[in-house]
Each structure stands twice: as C-alpha cells, then as structure tokens.
Amino acid sequence: MANEIVFTDVFRLSYPHLEKPQEPQNAGEAAKYGIAMMFPQSGVLPVNNQPSTTDSIFAALDKCCMEQWNINFAQASAEGMGVQFPPKRKDGNTVFEKDAQGNPIAGQVSPNSANMWILTAKNIDPVGCCDPTGTIDIAPKDVLAGYWCSAELECAAYDSKNGRVISIKVLNVQLCYKDEVFGNKRVATPASASFANRAIADSNIAQGSIQRVVPNQVTPSAPSVPTPPAPTVPTPPAPTVPTPPAPTPTTPVIMNEGQPTYEAMIANGWTDEQIITAGYGKANYMDPAG
C-alpha cells in the first residue's frame with residue numbers, strides 16, 4: 001500500500017460526524033466518522049484572503065497512485081480501471097435547496113455550498129479535534145458545520161481482494177475560525193449567562209443557600225469542583241525590603257476570587273468564552289501566550 005499524510009488548506013466544514021459515527025446507508029457496511037470539506041472555487045479563503053485549494057490533497061493522491069501502479073490519480077481512477085468509489089471533487093453549485101419533503105428545488109442552489117468544491121473524508125476510528133493553537137484537544141461537539149477548519153488526512157492507494165482502492169481518510173481536525181453555523185444549530189450557553197440580567201429581586205431564596213454546580217461537565221457523575229481555600233495572610237516584609245510585584249497570571253482567564261481554578265474549569269469542559277460570559281473570571285490581556 002502507498003500512503004501519504006497531508007495537512008489541508010483551511011476549508012469550511014459541512015456534515016461533520018465527529019462526535020459519533022454516521023450510520024451506513026447500505027446493510028453490512030460499518031458506521032464511520034467523517035466530514036465534508038468545502039473549498040472556495042476562487043481558491044481564496046474569505047476569512048483572511050489566504051489560499052484555500054484541494055491541490056495538496058490531489059498531489060498526495062497522484063503520488064500514492066504513482067508509487068502503487070506507476071500512473072497518476074486521474075489515470076488510476078478512470079472508468080474501467082477497477083476503482084469502485086474513487087475520491088471525487090463535487091461542484092457545490094449542483095447542490096440544491098430542498099423543500100419540506102426533502103426534494104431538491106430546481107434552480108435554487110444551496111447558499112452553503114454555492115461556489116465551493118466539496119470533498120469528503122471518513123474513518124472507522126474516532127477523529128481527534130484541537131483548537132486553533134494546535135496544542136489543546138477539544139470536544140468534537142464544539143466543531144460545528146459552518147466553521148472553518150483544517151484537517152490531517154491519509155491518502156492511500158492499494159490493491160484489495162475486491163480490486164483497486166483509492167481512499168482519503170480523515171485523522172484529525174483543527175478548528176480555525178468560527179462562522180455562521182449551518183442548520184441554525186444553537187450553540188449552548190450557561191443558564192447563568194442567559195439570565196444574568198433577569199434577577200428576581202423579591203425571591204425568598206437566600207443568595208448562596210443553594211449549592212453552586214459547574215454545568216456541562218464532561219463526566220456528569222464527577223463531583224463538583226470544590227471552592228479553593230482562602231489564602232493565608234502573608235507575613236509583612238521588612239520595611240527596608242520592597243514588596244516584589246505579583247507575577248502576571250499565565251492563564252488566558254483570571255478567575256474571580258472564590259471561584260474554582262482555571263485548570264479545574266477547563267478540565268470539566270468549560271471554554272474560555274463560557275467562563276468569562278458566565279461571570280466566573282475575566283480575560284487576561286497580559287497573558288504572554290495570548
């Protein structure tokens with residue numbers, strides 16, 4: 001088998017099946033994780049005017065086919081060459097809007113796919129996801145259709161008992177930019193953020209009498225994050241020795257007094273944006289890594 005790992009240009013994500021695999025349409029096939037990658041036909045990424053093409057992917061497919069059969073991808077995937085479902089770049093202008101019954105509406109191109117090239121990639125195994133820095137793993141549920149991403153792919157060409165195979169497998173996905181979410185999917189926000197300006201002034205429930213919980217924990221059965229103990233009073237320095245300045249926090253969010261630590265909140269599934277919006281902390285503009 002000839003295979004090649006490639007990191008794609010940034011594309012717009014469509015039909016992500018990253019949290020759980022998509023059930024197969026045909027009996028006997030395995031459920032698979034997968035994505036549809038949409039590249040602008042202009043070759044230019046609208047987010048930052050950088051190049052965005054499928055060139056690196058098809059160059060990798062060419063290399064694999066040359067190594068395996070000494071012919072390029074176009075020749076290897078031509079009709080009659082024995083490849084049943086070779087990777088194919090689809091014109092997004094041939095994808096139409098659908099009516100209430102799910103039938104295509106003639107002449108109404110889907111605005112999501114208009115002027116895009118579409119290429120799919122799947123994997124039987126789970127696909128990893130990370131944040132824009134490429135250093136922090138994130139939950140697949142936070143990578144939504146309509147966001148802009150990059151992917152690590154494995155292109156391959158090999159001979160099987162059923163004939164020649166040319167495939168594109170998605171290994172990992174990097175979230176790069178947020179954008180309007182396809183399908184009007186609501187991005188969950190904490191209840192304390194939604195009701196922050198709707199306090200009940202005459203409530204008979206005393207403030208602080210109900211235990212605070214951390215919502216959206218990765219493991220619901222895990223115990224609540226305890227409140228850190230109050231800091232001990234430091235011994236005053238000698239009059240002749242100036243007090244050194246407090247070190248600048250190195251986390252992206254400075255937690256408010258009495259709240260759980262930033263590391264504990266992140267470990268329980270919170271994002272920086274959710275922590276700040278919910279009022280547990282504030283952005284650290286002095287963070288050297290920010």
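Only this structure's heavy atoms are used, side chains among them; waters, hydrogens and symmetry mates stay out.
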Original post:
Got more than 12 heavy atoms from elsewhere within 6.0 Å of CD, Gln84?
Top reply: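 For Gln84, atom CD is not crowded (no more than 12 foreign heavy atoms under 6.0 Å).
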Sub-4.5 Å side-chain heavy-atom contact between [X] and [Y]:
X: Leu153; Y: Met37; value: yes
X: Val173; Y: Tyr33; value: no
X: Asp91; Y: Met116; value: no
X: Val10; Y: Asn48; value: no
X: Cys176; Y: Pro132; value: no
X: Ile166; Y: Phe73; value: yes
X: Leu13; Y: Ile35; value: yes
X: Phe96; Y: Val109; value: yes

Would [X] end up clustered with [Y] when hydrophobic side chains under 4.5 Å apart are linked, directly or stepwise?
X: Ile276; Y: Ile266; value: yes
X: Leu61; Y: Trp69; value: yes
X: Val6; Y: Val170; value: yes
X: Phe182; Y: Tyr177; value: yes
X: Tyr15; Y: Met38; value: no

Original post:
Between Pro16 and Ala145, which heavy-atom pair has the shortest distance, and what is it?
Top reply: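 Smallest interatomic distance, heavy atoms only, reads CD-CB, 3.6 Å.
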Subject >> Minimum heavy-atom distance Ala2-Gln68, with the two atoms named >> reply: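 So the minimum-distance heavy-atom pair works out to N-OE1, 3.4 Å.
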Original post:
When you check the gap from the basic side-chain N to the acidic O, do Glu19 and Lys141 get nearer than 4.0 Å?
Top reply: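 Result for this pair is no, no salt bridge flagged.
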Original post:
Do the charged groups of Lys169 and Glu152 touch, with an N to O distance under 4.0 Å?
Top reply: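 Looking at Lys169 and Glu152, the cut-off is not met.
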Original post:
Given Met81 and Arg164, is the side-chain contact (heavy atoms from CB on, under 4.5 Å) satisfied, shown in steps?
Top reply: CA-CA 8 Å; Met81 294 299 290; Arg164 291 181 172 182; 3.4 Å; yes
Check the side chains of [Y] and [X] for a donor-acceptor pair under 3.5 angstrom, ignoring hydrogens and angles.
X: Glu154; Y: Asn3; value: yes
X: Asp131; Y: Thr133; value: yes
X: Asp9; Y: Gln50; value: no
X: Asp272; Y: Tyr262; value: yes
X: Asp142; Y: Tyr147; value: no

Any chance you could measure [X], atom [atom1], to [Y], atom [atom2], to the nearest 0.5 Å?
X: Glu29; Y: Ile124; atom1: CD; atom2: CD1; answer: 10.0 Å
X: Ser167; Y: Tyr158; atom1: OG; atom2: OH; answer: 5.0 Å
X: Cys155; Y: Ile168; atom1: SG; atom2: CD1; answer: 5.0 Å
X: Gln41; Y: Ile118; atom1: CD; atom2: CD1; answer: 9.0 Å

Do side-chain atoms of [X] reach the backbone of [Y] as a donor and acceptor pair under 3.5 angstrom?
X: Gln75; Y: Asn72; value: yes
X: Ser52; Y: Leu45; value: no
X: Asn256; Y: Gly279; value: yes
X: Ser150; Y: Thr8; value: yes
X: Arg12; Y: Gly146; value: yes
X: Thr54; Y: Ile57; value: no
X: Asn103; Y: Asp99; value: no
X: Gln274; Y: Thr271; value: yes

Original post:
So Asn123 and Leu171, side-chain contact (heavy atoms from CB on, under 4.5 Å) or not? Walk me through it.
Top reply: CA-CA 7 Å; Asn123 196 340; Leu171 304 178; 4.0 Å; yes
**OP:** Could you walk me through whether Cys130 and Leu175 pass the side-chain contact (heavy atoms from CB on, under 4.5 Å) test, one step at a time?
**Re:** CA-CA 6 Å; Cys130 70; Leu175 176 60; over 6 Å; no
**OP:** For Trp148, check side chain to side chain donor-acceptor pair (under 3.5 Å) against everything at least two apart and list the hits.
**Re:**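 Counting only residues at least two positions away or on another chain, Trp148 forms a side chain to side chain donor-acceptor pair (under 3.5 Å) with Asp179.
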Subject >> Parallel, tilted or perpendicular: ring planes of Phe39 versus Phe11, cut at 30 and 60 degrees >> reply: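 Ring orientation, 0 to 90° scale: tilted.
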